[in-house]
Protein chains: 4
Amino acid sequence: MIASHTRQRRKEARPKELLDAALDVFVRKGFAATRTDEVAARAGVSKGTLYLYYPSKEELLKAVIRERLSSAIAASADEVARHGGSAAELLRGSMVRWWRSIFDSPASGVFKLIITEVRNFPEIADFYYREVVEPGHRLIGDVLRRGIASGEFRPVDVDATVYSLVLPMVMLCLHKHSLAACPHAETAPGCASRVPVLDPQHFIAQHFQLVLRGLLADSASAHAAPEKPAAAARRARREAA
Amino acid sequence: MIASHTRQRRKEARPKELLDAALDVFVRKGFAATRTDEVAARAGVSKGTLYLYYPSKEELLKAVIRERLSSAIAASADEVARHGGSAAELLRGSMVRWWRSIFDSPASGVFKLIITEVRNFPEIADFYYREVVEPGHRLIGDVLRRGIASGEFRPVDVDATVYSLVLPMVMLCLHKHSLAACPHAETAPGCASRVPVLDPQHFIAQHFQLVLRGLLADSASAHAAPEKPAAAARRARREAA
Amino acid sequence: MIASHTRQRRKEARPKELLDAALDVFVRKGFAATRTDEVAARAGVSKGTLYLYYPSKEELLKAVIRERLSSAIAASADEVARHGGSAAELLRGSMVRWWRSIFDSPASGVFKLIITEVRNFPEIADFYYREVVEPGHRLIGDVLRRGIASGEFRPVDVDATVYSLVLPMVMLCLHKHSLAACPHAETAPGCASRVPVLDPQHFIAQHFQLVLRGLLADSASAHAAPEKPAAAARRARREAA
Amino acid sequence: MIASHTRQRRKEARPKELLDAALDVFVRKGFAATRTDEVAARAGVSKGTLYLYYPSKEELLKAVIRERLSSAIAASADEVARHGGSAAELLRGSMVRWWRSIFDSPASGVFKLIITEVRNFPEIADFYYREVVEPGHRLIGDVLRRGIASGEFRPVDVDATVYSLVLPMVMLCLHKHSLAACPHAETAPGCASRVPVLDPQHFIAQHFQLVLRGLLADSASAHAAPEKPAAAARRARREAA
DNA sequence: AATGAATGAGGGTTCATTCAT
DNA sequence: AATGAATGAACCCTCATTCAT
């Protein structure tokens, strides 16, 4: 009984173990450069076993991404919904907390995978838009709209502001798995003039701080009166020409 | 005579043609997934010719990155130095203009290449830090420090603010060569609720607008008084625990 | 009780079921191209079970051939021995009847297996010569010699004539499992000029007819007056029913 | 010049060399059991080179069959057309001569290939019917019909008789590449009672002799008086030399 | 006796690199 | 300088066989 459990447990655990191993290696080496043996070895099985669970390397990639995106987004909705407070608090507090839970987990690597592989496997773009971009954008956009409606925020361009908040978070995930993962890069000896090492937690706190300050309504700040979105767009186009 | 001239011109132009072709394909497919034939074909030469100019695929990659980084950074220093005005003007005006010159050129792809390949070729990190991160950081940091010294800006955490300004710009370059390059991703039919397509120029304008507003000194905005950097860091650590 | 009976029956029936399944798949796909899973699946057991009965794929092949050859030859001796009549009758009657019993059964596939696999497994040649070629040749040769001795047949080259009688029969078995098994090959639409589909029963009747006529001594020709082709075809169909 | 010729000649000769090598190994081992390395090695090139000329093992197989069938059939029409004489002479003389040119060449193996592989690659059946079965059947059928019309032959079932003539020839080709190719099979020591080794040339001569005798109209029998077996064998050997 | 998960050697195919022309 | 035919190491994937249950 217990014995059969062992086998059984093993079999049920395999897919997750393989996906974890695959995520790790894909993120480290890139999809094309990872050998299936390496994934198998890291999951503690032989190469053949991999193919009992996933029919090809490519399907493995998609499964990895699908699995991580689905679980990530499930967590996110809860997190934001569970917390209350002012719009500013919601943004700074629960968003950052949620982001950190991704940043600190292997899921952070999925962003790199997506950036790297969408052009070779366009279906991936579909997952990503459906599971992450759209629900995430709506979630944050709603918080912003609520803040604007309540007079807490200035009437800014909501879509652009969502990106102002989100893009640096994504960028930090990418950074973590590329430059930040290169051992000696940031700590080259004898370079006093080096840029200080980026502390992601600190940076995100500062970033939200900065953006929120730009976002808050302030009747006294006459000289920084917000442009209307439409006007801003017009100016942007002028400058682009 | 003319023939030899042509030949000569051809010969001198080859390295550039090869680098351009390589950048294009590397960025599109990723380094590991591009075949040398494809680079050669795109440059209009045979596979063998490629090896007359670069001793290996890997060296070709490094040459591509080196070349683009060097010329990009050369342009940047000039650009910022040539323009005057308030610190806010400098940031919004010349930085955005400089960024756009990269974003609109194939050089924008280099960011993707670096993100993708540093972990496999750590020397790339060295180029990148030396040629881009450090001088760029110093340049923008100096503008910020000048603005703070003159009282135009609040006394913010300079390093973090540099990243708040820069990371979204980099992120747009990555986006351009990944999700934005997937034909149908953003324009799936019958999806009224879709996130609006990201217009990079417009977004960057809005982003700078937002950050600058958070940056400007404003004696009246008492309730949004800046934390001291040290205090912020402390709080970040508390929340991380 | 019943259960154990069933189980017992099952167990005893297994080897035959496996051999039948194996013959079918080996003949269809060829030995090297068939997967052991497929044989097992067709026998309704798991892959592991196959190995309880046969130690390897190769041994399975040999067992298949051995079993079919032995039972085929056992039937043949009886058949010819049981029948009397003129030599011509013996050849046309009992031989064709015996051939048909093979042609209409899965045993017909063994010829294809042998043709295909002898060179990779030379032991197979030994079975085949010992169990089929030699006894068969002797059997038919004896009938011919008896006919020659009695003056019914001309004094022909006995060995060659045996082959003239036998080779087309073997060839029809091969045909059945190769070209004749290709669905559309013989029935391609819109091809009025196509070769008429080969009806094995009819052909064998005609062939024996033709050969016997070449074989009969001149004085005997009368009593072996040729059937009309149409009549022969009718008879062939009757016998096939 | 001569040097460039060497390279050039090599390149032009490659496809033929590869097809020859492939035919040889495919016939010997069977398609599924042959390794591409072996084909390449036998053609004196590396495995990679094979793939410069044929995109896959399967395409190589088809090319082998296509090439042999096309050239075989081209030869055949000429051969039969060039010769005259009585219908009986045409059949025995030019058909046998043509058959021998196939039997004595590697092309004889194609029949084994087809028998073995049609079921896995049904397109092969199309080639075969189009290039061999149909034209061949028509060619021989016409000779028979001419003989019947002229009164030289009895009014037999033409289609069946074509097969009576042809199937043994095909069967000999199969035999050559299966049982006859097993070294010790026919010559097992100490077996006095063994079936005499089949001499293909002799057998075919005898077979045509036998069938023709069954075919000839009674009045014609005289001028087609049977050779004595011994004489026939002698003649066969003469012609083979 | 039966299962089916696991293995790993083996084979088809690709592609960076070389080199004769 | 340029070519492109040739190479062969490497990689994805398959499948005969084993073995714990």
Side-chain angles (χ1 to χ4, degrees), chain A residues 1-8 10-12 14 32-40 44-58 60, chain B residues 4 7-8 10-11 14 32-40 44-60, chain C residues 4 7-8 10-12 14 32-40 44-60, chain D residues 1-8 10-12 14 32-40 44-60:
Chain A
M1 272 262 205
I2 288 176
S4 90
H5 261 192
T6 305
R7 233 341 155 96
Q8 199 57 29
R10 222 56 217 283
K11 196 202 161 186
E12 276 161 15
R14 277 285 138 78
T34 90
R35 278 168 289 138
T36 50
D37 322 36
E38 197 171 354
V39 173
V45 299
S46 77
K47 203 176 13 171
T49 301
L50 181 60
Y51 286 85
L52 293 179
Y53 294 88
Y54 300 95
S56 72
K57 196 184 167 193
E58 187 175 332
L60 178 60
Chain B
S4 85
R7 182 74 79 90
Q8 197 59 30
R10 221 52 219 275
K11 189 195 157 190
R14 278 284 141 77
T34 90
R35 280 170 294 136
T36 51
D37 317 37
E38 196 169 357
V39 172
V45 299
S46 76
K47 206 172 17 167
T49 302
L50 184 60
Y51 283 84
L52 293 178
Y53 293 88
Y54 301 96
S56 73
K57 197 184 169 192
E58 187 175 331
E59 287 306 317
L60 177 61
Chain C
S4 86
R7 180 76 78 93
Q8 197 58 31
R10 220 55 220 276
K11 190 193 156 190
E12 278 161 13
R14 276 285 142 76
T34 90
R35 280 169 294 135
T36 51
D37 318 37
E38 197 169 356
V39 172
V45 300
S46 77
K47 206 172 18 166
T49 302
L50 184 61
Y51 282 84
L52 293 177
Y53 292 89
Y54 300 95
S56 74
K57 196 183 167 192
E58 187 175 333
E59 287 305 318
L60 178 61
Chain D
M1 271 265 203
I2 288 175
S4 90
H5 260 193
T6 304
R7 237 332 160 98
Q8 198 58 29
R10 222 57 218 281
K11 198 205 159 183
E12 276 161 15
R14 277 285 138 76
T34 88
R35 278 170 286 136
T36 50
D37 323 36
E38 198 170 353
V39 173
V45 298
S46 77
K47 203 172 20 165
T49 301
L50 181 60
Y51 285 85
L52 292 178
Y53 293 89
Y54 299 95
S56 72
K57 196 183 167 193
E58 186 176 332
E59 286 305 318
L60 178 61

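Quantities reported herein were computed from a predicted structural model and do not represent experimental measurements. Quick note on labels: first sequence line is chain A, next is B, and so on, each numbered from 1.
Map D/Y51 and B/K57 each onto its nearest nucleotide of DNA chain E; the residue landing nearer the 5' end is D/Y51. Checking B/A33 against D/T34, the closest nucleotide of DNA chain E that is more toward the 5' end is the one next to D/T34. Looking at which nucleotide of DNA chain F each of D/S46 and A/T36 is closest to, the 5′-most match is held by D/S46. Projected onto DNA chain F by closest heavy-atom contact, C/E58 and D/G44 fall at different nucleotides, the more 5' of which corresponds to D/G44.
For A/Y51, the side chain to side chain contact (heavy atoms under 4.5 Å, CB included) partners are A/T36, not counting sequence neighbours.
Nearest heavy atoms, C/K57 versus C/T34: NZ-O, 3.0 Å. The two atoms that bring C/E59 and C/P55 nearest to each other are CG-CG, 3.6 Å, heavy atoms only. Across all non-hydrogen atoms, the minimal contact from D/A32 to C/A32 is CB-CB, 3.6 Å.
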Determine which bases of DNA chain E form Watson-Crick or G-U wobble pairs with both distances under 3.5 Å, and write the result as a 5' to 3' dot-bracket string with | for other-strand partners. .||||||||||||||||||||
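The salt bridge (charged side-chain N to carboxylate O under 4.0 Å, His left out) analysis of residues 47-56 of chain A, with sequence neighbours excluded, yields the pairs A/D37-A/K47.
With values rounded to the nearest 0.5 angstrom, C/R14 atom CZ is found 9.5 Å from C/L52 atom CG.
Atom-to-atom, OH of B/Y54 to P of E/dA16 comes out at 17 Å; the value is rounded to the nearest Å. Remark: P of F/dC12 and CG of A/L60 are 11 Å apart, rounded to the nearest angstrom. If you measure from atom CG of C/L50 to atom C1' of E/dA1, you get 14 Å, rounded to the nearest angstrom. To the nearest angstrom, P of E/dT7 lies 13 Å from CG of A/D37.
Distance from the side chain of A/R14 is smallest to E/dA6 among E/dA16, E/dT13, E/dA6. Checking F/dA5, F/dT3, F/dA16 against the side-chain heavy atoms of B/L52 singles out F/dT3 as nearest. Distance from the side chain of C/S56 is smallest to F/dT17 among E/dT7, F/dC13, F/dT17.
Nucleic acid contact class of A/Y53 (heavy atoms, under 4.0 Å, all strands): sugar-phosphate only.
Judged by distance alone, with hydrogens and angles left aside, C/K47 brings a side-chain donor or acceptor within reach of the base of F/dT17, the pair sitting under 3.5 Å.
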